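Residue numbering restarts at 1 for every chain, and letters A, B, ... go by the order of the sequence lines. Computation of the quantities below employed the complete heavy-atom set of this structure, encompassing side-chain atoms and omitting hydrogens, waters and symmetry-equivalent molecules. Everything quoted here is computed from the prediction, not taken from an experiment.
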Protein chains: 2
Amino acid sequence: MFSKACEHGIKAIIYIATQSLQGQRAKIGDVAINSGSPGAFTAKVLGTLTKYNIVNSYTGPTGGFDMSVKQMRQIRMSDIVKIIDGDNIYNGCGLGLSECNESKPCPMHDKFSKVRAGIKDMLTKTTVYDLAKGLHEGKTVLIR
Amino acid sequence: MFSKACEHGIKAIIYIATQSLQGQRAKIGDVAINSGSPGAFTAKVLGTLTKYNIVNSYTGPTGGFDMSVKQMRQIRMSDIVKIIDGDNIYNGCGLGLSECNESKPCPMHDKFSKVRAGIKDMLTKTTVYDLAKGLHEGKTVLIR
DNA sequence: AATATTTAAGATAAATTTGTCCTAAATAAA
DNA sequence: TTTATTTAGGACAAATTTATCTTAAATATT
(Lines give C-alpha, C1' and ligand atoms only; values in the text may rest on other atoms or scores of the structure.)
Protein backbone atom coordinates (compact mmCIF):
# COMPACT_ATOMS: atom_id res chain seq x y z
CA MET A 1 0.00 0.00 0.00
CA PHE A 2 2.53 2.59 1.16
CA SER A 3 6.26 2.43 0.40
CA LYS A 4 8.67 1.70 3.23
CA ALA A 5 9.83 5.31 2.96
CA CYS A 6 6.26 6.39 3.56
CA GLU A 7 5.69 3.98 6.45
CA HIS A 8 8.88 5.13 8.15
CA GLY A 9 8.02 8.75 7.45
CA ILE A 10 4.56 8.47 8.96
CA LYS A 11 5.80 6.65 12.06
CA ALA A 12 8.54 9.24 12.50
CA ILE A 13 6.09 12.13 12.18
CA ILE A 14 3.71 10.61 14.71
CA TYR A 15 6.55 10.09 17.16
CA ILE A 16 7.87 13.61 16.66
CA ALA A 17 4.36 14.96 17.17
CA THR A 18 3.93 13.15 20.49
CA GLN A 19 7.28 14.45 21.66
CA SER A 20 6.31 17.95 20.58
CA LEU A 21 3.11 17.64 22.61
CA GLN A 22 5.42 17.20 25.58
CA GLY A 23 7.52 20.19 24.61
CA GLN A 24 10.44 18.07 23.44
CA ARG A 25 12.40 18.06 20.22
CA ALA A 26 13.21 14.61 18.85
CA LYS A 27 16.66 13.73 17.56
CA ILE A 28 16.89 11.35 14.62
CA GLY A 29 18.39 8.68 16.88
CA ASP A 30 15.42 8.87 19.22
CA VAL A 31 13.06 8.81 16.28
CA ALA A 32 14.71 5.68 14.91
CA ILE A 33 14.62 3.87 18.24
CA ASN A 34 11.08 4.88 19.14
CA SER A 35 9.50 4.38 15.74
CA GLY A 36 11.36 1.20 14.84
CA SER A 37 12.82 2.57 11.65
CA PRO A 38 16.33 2.79 10.13
CA GLY A 39 17.78 6.13 11.22
CA ALA A 40 19.66 7.32 8.16
CA PHE A 41 16.88 6.27 5.84
CA THR A 42 14.22 7.97 7.91
CA ALA A 43 16.44 11.06 8.17
CA LYS A 44 16.19 11.48 4.41
CA VAL A 45 12.46 11.16 4.44
CA LEU A 46 12.27 13.74 7.21
CA GLY A 47 14.53 15.96 5.13
CA THR A 48 11.92 15.90 2.38
CA LEU A 49 9.08 16.51 4.82
CA THR A 50 11.02 19.42 6.32
CA LYS A 51 11.30 20.97 2.87
CA TYR A 52 7.51 20.84 2.61
CA ASN A 53 7.04 22.37 6.08
CA ILE A 54 5.39 19.26 7.45
CA VAL A 55 7.94 19.18 10.23
CA ASN A 56 10.62 21.58 11.46
CA SER A 57 14.29 20.73 11.84
CA TYR A 58 17.07 22.39 13.82
CA THR A 59 20.80 21.71 13.63
CA GLY A 60 23.31 21.81 16.43
CA PRO A 61 23.09 20.74 20.05
CA THR A 62 19.50 20.98 21.34
CA GLY A 63 18.53 20.50 17.72
CA GLY A 64 16.24 17.84 16.27
CA PHE A 65 12.72 17.79 14.85
CA ASP A 66 9.48 19.18 16.12
CA MET A 67 5.98 20.19 15.06
CA SER A 68 3.71 22.93 16.30
CA VAL A 69 0.22 22.00 17.43
CA LYS A 70 -1.02 24.08 14.54
CA GLN A 71 0.95 21.92 12.12
CA MET A 72 -0.33 18.71 13.71
CA ARG A 73 -3.91 19.87 13.36
CA GLN A 74 -3.57 21.19 9.84
CA ILE A 75 -1.49 18.48 8.25
CA ARG A 76 -3.43 15.50 7.00
CA MET A 77 -2.06 12.04 6.34
CA SER A 78 -2.96 12.54 2.68
CA ASP A 79 -0.45 15.39 2.53
CA ILE A 80 2.37 13.23 3.84
CA VAL A 81 1.55 10.27 1.61
CA LYS A 82 1.35 12.49 -1.43
CA ILE A 83 4.74 14.08 -0.73
CA ILE A 84 6.50 10.75 -0.26
CA ASP A 85 4.64 8.33 -2.55
CA GLY A 86 3.12 10.75 -5.04
CA ASP A 87 -0.57 10.73 -5.90
CA ASN A 88 -0.67 7.45 -7.76
CA ILE A 89 -2.55 5.97 -4.84
CA TYR A 90 -5.30 8.55 -5.36
CA ASN A 91 -5.43 8.71 -9.15
CA GLY A 92 -3.48 5.79 -10.56
CA CYS A 93 -4.99 2.89 -12.50
CA GLY A 94 -5.32 -0.32 -10.50
CA LEU A 95 -3.91 -2.32 -13.39
CA GLY A 96 -1.09 0.12 -14.09
CA LEU A 97 -2.42 1.64 -17.33
CA SER A 98 -0.82 5.00 -18.04
CA GLU A 99 -4.27 6.52 -18.29
CA CYS A 100 -7.58 5.18 -17.09
CA ASN A 101 -10.85 7.00 -16.70
CA GLU A 102 -14.60 6.81 -17.04
CA SER A 103 -14.53 7.28 -20.80
CA LYS A 104 -11.95 4.55 -21.46
CA PRO A 105 -11.68 2.47 -18.32
CA CYS A 106 -9.63 -0.59 -17.50
CA PRO A 107 -11.67 -3.63 -16.46
CA MET A 108 -11.31 -2.80 -12.77
CA HIS A 109 -11.78 0.96 -13.04
CA ASP A 110 -15.31 1.27 -11.65
CA LYS A 111 -14.78 -0.89 -8.61
CA PHE A 112 -11.25 0.28 -8.04
CA SER A 113 -12.04 3.97 -8.11
CA LYS A 114 -14.51 3.52 -5.28
CA VAL A 115 -11.88 1.82 -3.16
CA ARG A 116 -9.39 4.55 -4.00
CA ALA A 117 -11.90 7.21 -3.03
CA GLY A 118 -12.25 5.45 0.31
CA ILE A 119 -8.52 5.54 0.87
CA LYS A 120 -8.27 9.18 -0.09
CA ASP A 121 -11.21 10.06 2.10
CA MET A 122 -9.70 8.27 5.06
CA LEU A 123 -6.28 9.86 4.66
CA THR A 124 -7.76 13.30 4.07
CA LYS A 125 -9.89 13.13 7.19
CA THR A 126 -7.04 12.03 9.43
CA THR A 127 -4.65 14.62 10.80
CA VAL A 128 -1.28 14.07 12.40
CA TYR A 129 -2.82 15.25 15.66
CA ASP A 130 -5.50 12.55 15.50
CA LEU A 131 -2.87 9.83 15.37
CA ALA A 132 -0.39 11.45 17.74
CA LYS A 133 -3.14 11.71 20.34
CA GLY A 134 -3.74 7.96 20.35
CA LEU A 135 -0.05 7.26 20.73
CA HIS A 136 0.35 9.90 23.41
CA GLU A 137 -2.48 8.38 25.40
CA GLY A 138 -0.90 4.94 25.16
CA LYS A 139 -3.77 3.54 23.10
CA THR A 140 -1.57 2.77 20.10
CA VAL A 141 2.02 1.69 19.46
CA LEU A 142 4.67 2.27 16.81
CA ILE A 143 6.74 -0.86 17.39
CA ARG A 144 5.92 -4.56 17.52
CA MET B 1 -1.42 -1.14 -4.57
CA PHE B 2 -0.70 -4.32 -6.54
CA SER B 3 2.77 -5.39 -7.67
CA LYS B 4 3.63 -5.24 -11.38
CA ALA B 5 3.57 -9.04 -11.38
CA CYS B 6 0.00 -8.90 -10.10
CA GLU B 7 -1.08 -6.21 -12.55
CA HIS B 8 0.35 -8.16 -15.47
CA GLY B 9 -1.15 -11.38 -14.15
CA ILE B 10 -4.62 -9.89 -13.83
CA LYS B 11 -4.52 -8.30 -17.27
CA ALA B 12 -3.30 -11.57 -18.76
CA ILE B 13 -6.06 -13.56 -17.07
CA ILE B 14 -8.74 -11.19 -18.26
CA TYR B 15 -7.43 -11.36 -21.80
CA ILE B 16 -7.21 -15.16 -21.72
CA ALA B 17 -10.75 -15.30 -20.38
CA THR B 18 -12.13 -13.18 -23.21
CA GLN B 19 -10.35 -15.37 -25.72
CA SER B 20 -11.73 -18.46 -24.05
CA LEU B 21 -15.23 -16.99 -24.30
CA GLN B 22 -14.62 -17.05 -28.05
CA GLY B 23 -13.35 -20.62 -27.95
CA GLN B 24 -9.74 -19.64 -28.50
CA ARG B 25 -6.60 -20.51 -26.64
CA ALA B 26 -4.19 -17.61 -26.11
CA LYS B 27 -0.47 -17.96 -26.69
CA ILE B 28 1.87 -16.01 -24.44
CA GLY B 29 2.86 -13.78 -27.34
CA ASP B 30 -0.77 -12.85 -27.95
CA VAL B 31 -1.27 -12.28 -24.26
CA ALA B 32 1.72 -9.95 -24.11
CA ILE B 33 0.62 -7.93 -27.13
CA ASN B 34 -3.02 -7.70 -26.14
CA SER B 35 -2.54 -7.02 -22.46
CA GLY B 36 0.41 -4.67 -22.84
CA SER B 37 2.72 -6.68 -20.63
CA PRO B 38 6.25 -8.13 -20.96
CA GLY B 39 5.87 -11.65 -22.34
CA ALA B 40 8.50 -13.62 -20.46
CA PHE B 41 7.65 -11.95 -17.18
CA THR B 42 3.95 -12.54 -17.58
CA ALA B 43 4.68 -16.14 -18.60
CA LYS B 44 6.16 -16.77 -15.16
CA VAL B 45 3.17 -15.28 -13.44
CA LEU B 46 0.89 -17.44 -15.56
CA GLY B 47 3.04 -20.43 -14.62
CA THR B 48 2.24 -19.77 -10.99
CA LEU B 49 -1.45 -19.25 -11.70
CA THR B 50 -1.49 -22.50 -13.69
CA LYS B 51 -0.09 -24.33 -10.68
CA TYR B 52 -3.04 -23.05 -8.65
CA ASN B 53 -5.55 -24.05 -11.34
CA ILE B 54 -6.59 -20.47 -12.00
CA VAL B 55 -5.81 -20.97 -15.67
CA ASN B 56 -4.96 -23.99 -17.84
CA SER B 57 -1.87 -24.31 -19.98
CA TYR B 58 -1.04 -26.58 -22.91
CA THR B 59 2.31 -27.13 -24.57
CA GLY B 60 3.01 -27.80 -28.21
CA PRO B 61 1.41 -26.46 -31.37
CA THR B 62 -2.21 -25.43 -30.76
CA GLY B 63 -1.11 -24.93 -27.17
CA GLY B 64 -1.48 -21.83 -25.03
CA PHE B 65 -3.65 -20.79 -22.11
CA ASP B 66 -7.36 -20.99 -21.55
CA MET B 67 -10.04 -20.92 -18.87
CA SER B 68 -13.37 -22.69 -18.64
CA VAL B 69 -16.48 -20.62 -18.04
CA LYS B 70 -16.77 -22.45 -14.74
CA GLN B 71 -13.32 -21.22 -13.77
CA MET B 72 -14.12 -17.66 -14.80
CA ARG B 73 -17.25 -17.66 -12.67
CA GLN B 74 -15.69 -19.31 -9.64
CA ILE B 75 -12.38 -17.52 -9.48
CA ARG B 76 -12.45 -14.20 -7.70
CA MET B 77 -9.92 -11.41 -8.06
CA SER B 78 -9.05 -11.88 -4.40
CA ASP B 79 -7.81 -15.40 -5.23
CA ILE B 80 -5.45 -14.12 -7.91
CA VAL B 81 -4.14 -11.24 -5.82
CA LYS B 82 -3.53 -13.54 -2.88
CA ILE B 83 -1.58 -16.04 -4.99
CA ILE B 84 0.68 -13.41 -6.52
CA ASP B 85 1.01 -10.73 -3.84
CA GLY B 86 0.19 -12.73 -0.73
CA ASP B 87 -2.40 -11.64 1.80
CA ASN B 88 -0.56 -8.65 3.18
CA ILE B 89 -3.03 -6.41 1.42
CA TYR B 90 -5.85 -8.05 3.41
CA ASN B 91 -4.17 -8.47 6.79
CA GLY B 92 -0.98 -6.43 6.83
CA CYS B 93 -0.40 -3.38 9.00
CA GLY B 94 -0.62 -0.07 7.17
CA LEU B 95 2.57 1.13 8.84
CA GLY B 96 4.44 -2.12 8.30
CA LEU B 97 4.44 -3.40 11.88
CA SER B 98 5.04 -7.16 12.02
CA GLU B 99 1.85 -7.54 14.01
CA CYS B 100 -1.02 -5.12 14.43
CA ASN B 101 -4.44 -5.79 15.83
CA GLU B 102 -7.30 -4.46 17.92
CA SER B 103 -5.57 -5.24 21.21
CA LYS B 104 -2.31 -3.52 20.33
CA PRO B 105 -2.93 -1.39 17.28
CA CYS B 106 -0.69 0.94 15.32
CA PRO B 107 -1.92 4.54 15.17
CA MET B 108 -3.64 3.94 11.83
CA HIS B 109 -5.08 0.52 12.59
CA ASP B 110 -8.73 1.44 13.09
CA LYS B 111 -9.07 3.58 10.02
CA PHE B 112 -6.83 1.41 7.91
CA SER B 113 -8.60 -1.84 8.65
CA LYS B 114 -11.85 -0.37 7.34
CA VAL B 115 -10.18 0.55 4.08
CA ARG B 116 -8.59 -2.88 3.84
CA ALA B 117 -11.94 -4.52 4.42
CA GLY B 118 -13.30 -2.47 1.54
CA ILE B 119 -10.54 -3.68 -0.74
CA LYS B 120 -11.02 -7.29 0.28
CA ASP B 121 -14.75 -7.01 -0.15
CA MET B 122 -14.38 -5.55 -3.61
CA LEU B 123 -11.89 -8.16 -4.76
CA THR B 124 -13.90 -11.00 -3.26
CA LYS B 125 -17.08 -9.92 -4.96
CA THR B 126 -15.48 -9.57 -8.38
CA THR B 127 -14.98 -12.67 -10.52
CA VAL B 128 -12.81 -13.08 -13.58
CA TYR B 129 -16.01 -13.44 -15.57
CA ASP B 130 -17.29 -10.07 -14.38
CA LEU B 131 -14.22 -8.32 -15.75
CA ALA B 132 -13.83 -10.44 -18.88
CA LYS B 133 -17.42 -9.60 -19.81
CA GLY B 134 -16.74 -5.88 -19.85
CA LEU B 135 -13.67 -6.32 -22.00
CA HIS B 136 -15.45 -8.74 -24.32
CA GLU B 137 -18.26 -6.24 -24.82
CA GLY B 138 -15.78 -3.51 -25.65
CA LYS B 139 -16.69 -1.45 -22.60
CA THR B 140 -13.21 -1.66 -21.10
CA VAL B 141 -9.62 -1.83 -22.37
CA LEU B 142 -6.35 -3.42 -21.27
CA ILE B 143 -3.95 -1.07 -23.04
CA ARG B 144 -3.55 2.72 -23.06
C1' DA C 1 10.11 -40.82 -36.47
C1' DA C 2 11.13 -36.05 -37.46
C1' DT C 3 9.84 -31.37 -37.07
C1' DA C 4 7.91 -27.25 -35.58
C1' DT C 5 5.59 -24.92 -31.91
C1' DT C 6 4.47 -23.98 -27.42
C1' DT C 7 4.91 -23.70 -22.21
C1' DA C 8 8.28 -24.59 -18.07
C1' DA C 9 11.88 -23.21 -15.58
C1' DG C 10 16.44 -21.79 -14.30
C1' DA C 11 20.09 -18.31 -14.96
C1' DT C 12 21.03 -13.81 -15.61
C1' DA C 13 20.43 -8.79 -16.10
C1' DA C 14 18.35 -4.30 -15.31
C1' DA C 15 15.86 -1.16 -12.55
C1' DT C 16 14.03 0.40 -8.40
C1' DT C 17 13.69 0.65 -3.57
C1' DT C 18 15.70 0.38 0.73
C1' DG C 19 19.36 1.19 3.65
C1' DT C 20 24.23 2.77 5.16
C1' DC C 21 28.25 5.70 5.43
C1' DC C 22 30.81 9.77 5.36
C1' DT C 23 31.65 14.65 5.09
C1' DA C 24 29.84 19.35 5.24
C1' DA C 25 27.11 22.92 7.29
C1' DA C 26 24.74 24.86 11.15
C1' DT C 27 24.55 26.10 15.88
C1' DA C 28 24.42 25.99 21.01
C1' DA C 29 27.40 26.11 24.84
C1' DA C 30 31.67 26.39 27.19
C1' DT D 1 36.75 31.12 19.38
C1' DT D 2 36.74 26.38 20.05
C1' DT D 3 34.23 22.25 20.67
C1' DA D 4 30.60 19.08 20.61
C1' DT D 5 26.28 17.94 18.64
C1' DT D 6 22.92 17.80 15.30
C1' DT D 7 20.72 17.88 10.57
C1' DA D 8 21.79 18.02 5.27
C1' DG D 9 23.05 15.72 1.54
C1' DG D 10 25.87 13.09 -1.66
C1' DA D 11 28.03 8.62 -2.60
C1' DC D 12 27.68 4.05 -2.08
C1' DA D 13 25.82 -0.69 -0.99
C1' DA D 14 22.34 -4.19 -0.36
C1' DA D 15 18.00 -6.13 -1.27
C1' DT D 16 14.02 -6.66 -3.90
C1' DT D 17 11.32 -6.36 -7.93
C1' DT D 18 10.93 -6.41 -12.71
C1' DA D 19 12.34 -8.14 -16.96
C1' DT D 20 15.07 -10.93 -20.35
C1' DC D 21 17.44 -14.92 -22.23
C1' DT D 22 18.34 -19.65 -22.99
C1' DT D 23 17.53 -24.44 -22.79
C1' DA D 24 14.50 -28.29 -21.69
C1' DA D 25 10.14 -30.69 -21.88
C1' DA D 26 5.75 -31.51 -23.99
C1' DT D 27 2.96 -32.31 -27.98
C1' DA D 28 0.40 -31.73 -32.43
C1' DT D 29 1.30 -32.34 -37.22
C1' DT D 30 3.54 -34.12 -41.14
Side-chain angles (χ1 to χ4, degrees), chain A residues 1-13 15-16 19-20 24-33 35-67 81 83-86 88-89 92 95-96, chain B residues 1-13 15-16 19-20 24-33 35-67 81 83-86 88-89 92 95-96:
Chain A
M1 178 108 251
F2 305 131
S3 69
K4 283 291 168 193
C6 197
E7 290 176 359
H8 295 322
I10 291 172
K11 287 186 295 180
I13 287 293
Y15 174 71
I16 291 166
Q19 289 301 102
S20 293
Q24 304 243 313
R25 280 183 186 164
K27 287 177 279 195
I28 189 62
D30 295 335
V31 171
I33 289 170
S35 69
S37 59
F41 187 62
T42 303
K44 302 225 151 172
V45 178
L46 286 176
T48 301
L49 293 175
T50 299
K51 208 168 59 185
Y52 283 88
N53 299 305
I54 300 299
V55 68
N56 317 304
S57 75
Y58 310 87
T59 56
T62 78
F65 297 90
D66 72 12
M67 293 185 81
V81 171
I83 289 169
I84 304 173
D85 281 351
N88 206 50
I89 194 174
L95 297 184
Chain B
M1 177 109 252
F2 306 130
S3 69
K4 282 290 168 194
C6 197
E7 289 177 359
H8 295 323
I10 292 173
K11 287 186 295 179
I13 287 293
Y15 174 71
I16 292 166
Q19 289 300 103
S20 293
Q24 303 242 314
R25 280 182 187 164
K27 288 177 279 197
I28 189 62
D30 295 335
V31 172
I33 289 169
S35 69
S37 60
F41 186 62
T42 302
K44 303 226 150 171
V45 177
L46 286 175
T48 301
L49 293 175
T50 298
K51 208 169 59 186
Y52 282 88
N53 299 306
I54 299 299
V55 68
N56 317 302
S57 74
Y58 310 88
T59 57
T62 79
F65 297 90
D66 72 12
M67 294 185 80
V81 170
I83 289 169
I84 304 174
D85 280 352
N88 206 51
I89 194 174
L95 297 184

Show the nearest heavy-atom pair for residues B:Ala12 and B:Thr42, with the distance to one decimal.
CB-CG2, 3.6 Å
Write down the distance between CD1 (A:Ile84) and P (C:dT16), rounded to a whole number of angstrom.
20 Å
A:Pro61 has a side chain; which of D:dA4, C:dA4, D:dT7 sits nearest to it?
D:dA4
Atom-to-atom span, NZ of B:Lys51 to C1' of C:dG10 - whole angstrom
14 Å
Just how far, in rounded Å, is P of D:dT7 from CG of A:Leu49?
14 Å
Contacts of A:Phe2 and A:Arg25 projected onto DNA chain C by closest heavy atom; the upstream (5') one is A:Phe2
Locate the shortest heavy-atom distance separating B:Val55 from B:Leu46; write the atom from each residue and the value.
CG1-O, 4.1 Å
Out of C:dT20, C:dA11, D:dA8, minimum distance to the side chain of A:Lys44 belongs to C:dT20
Roughly how many Å is it from CG in B:Asp85 to C1' in D:dT18, rounded to a whole number?
13 Å
B:Asp66 atom CG is separated from C:dT7 atom P, nearest whole Å, by 11 Å
To the nearest angstrom, the NZ-P distance between A:Lys4 and D:dT16 comes to 11 Å
Does A:Thr62 put a side-chain nitrogen or oxygen below 4.0 Å from OP1 or OP2 of C:dA29?
no
Side chain of B:Phe41 only, heavy atoms from C-beta on: which candidate in C:dT6, D:dT20, D:dT6 is closest?
D:dT20
Using a cut-off of 4.0 Å on non-hydrogen atoms, how would the nucleic acid contact of A:Leu46 be classed: base, sugar-phosphate, or nothing?
nothing
Upstream residue (5' side of DNA chain D) when B:Pro38 and A:Gly29 are each assigned their closest nucleotide:
A:Gly29
Which of C:dA8, D:dA8, D:dT18 is nearest the side chain of A:Ser57? It is D:dA8
With no hydrogens and no angle check, just 3.5 Å: does a side-chain donor-acceptor pair link B:Tyr15 and B:Asp30?
no
Whole-Å distance between C:dA8 P and B:Tyr58 OH?
11 Å
Can a side chain N or O of B:Lys27 be found less than 4.0 Å away from OP1 or OP2 on C:dT6?
yes
Restricting to ring-ring contact (aromatic ring centres under 6.0 Å, His included), what partner residues turn up for A:Phe41, sequence neighbours left out?
A:His8
Mind checking if A:Gly64 touches a base, just sugar-phosphate, or nothing, with heavy atoms under 4.0 Å?
sugar-phosphate
Euclidean distance, atom CD1 of residue B:Ile16 to atom P of C:dT6 [Å, nearest integer]:
15 Å
Result for 5'-nearest mapping on DNA chain C, choosing between A:Cys6 and A:Thr59, is A:Cys6
If I compare all heavy atoms of A:Gly9 with all of A:Leu49, which pair ends up nearest, and what's the gap?
O-CD1, 4.4 Å
